[in-house]
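Structure first, then comments.
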Amino acid sequence: MAAEFNIEARWPELFAPLNAASRTAVVNSFASSWHEGWVPNREDVENLTDFVRGAIDEAEYDRRAAGAAERHRAHAIAS
């Protein structure tokens, strides 16, 4: 696990368009998974920030998440 949970510092451009409440919601949504050992990646953070700021709808968010999960699954099988 990464020693520090700093997704805002890693990808500030993704958080810049969000208001404080939205930033907190996004950070909190990843924090519990991070505490379980998962390190957030840029693609997942970008997808959620896009959804929270209204750039994509729920169907697009779900499509992107399913695509990411499939790529990760394929990579794990190939490794």
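Every value quoted in this text rests on a predicted model; they were computed, and no experiment measured them. The figures that follow rest on heavy atoms only: side chains count, while hydrogens, waters and symmetry mates do not. Counting begins at 1 with the first residue of the sequence.
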- Task: Taking only Lys NZ, Arg NE, NH1 and NH2, and the carboxylate oxygens of Asp or Glu, determine whether R42 and E13 approach each other closer than 4.0 Å.
- Result: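 Salt bridge present between R42 and E13.
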Start with the C-alpha gap between F30 and V26, add the side-chain angles, then the distance that decides, and say whether side-chain contact (heavy atoms from CB on, under 4.5 Å) holds.
-> CA-CA 7 Å; F30 288 112; V26 171; 3.9 Å; yes
How many angstroms lie between [atom1] in [X] and [atom2] in [Y], if you round to the nearest 0.5 Å?
X	Y	atom1	atom2	result
E46	F51	CD	CZ	15.0 Å
I56	D50	CD1	CG	5.0 Å
R23	T49	CZ	OG1	11.0 Å

For a 4.5 angstrom cut-off between non-hydrogen side-chain atoms, does I7 reach W34?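 Contact flag for I7/W34 side chains = no.
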>> Is it the case that the side chains of D44 and N41 hold a donor-acceptor pair, with the cut-off being a distance below 3.5 Å and no angle test?
In response: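 Their side chains do contain a donor-acceptor pair, which is all the 3.5 Å distance test asks for.
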Donor-acceptor pair, side chain of [X] and main chain of [Y], under 3.5 angstrom:
X	Y	result
N6	A9	no
R64	E60	no
S22	L18	no

Taking all non-hydrogen atoms of both residues, which atom of P40 and which atom of W11 are closest, and how far apart?
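Looks like O-CH2, 3.5 Å.
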Is it true that, when you exclude E70 itself, more than 12 heavy atoms of the residues, nucleotides or ligands shown sit nearer than 6.0 Å to its CD?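 Check passes, neighbour count above 12.
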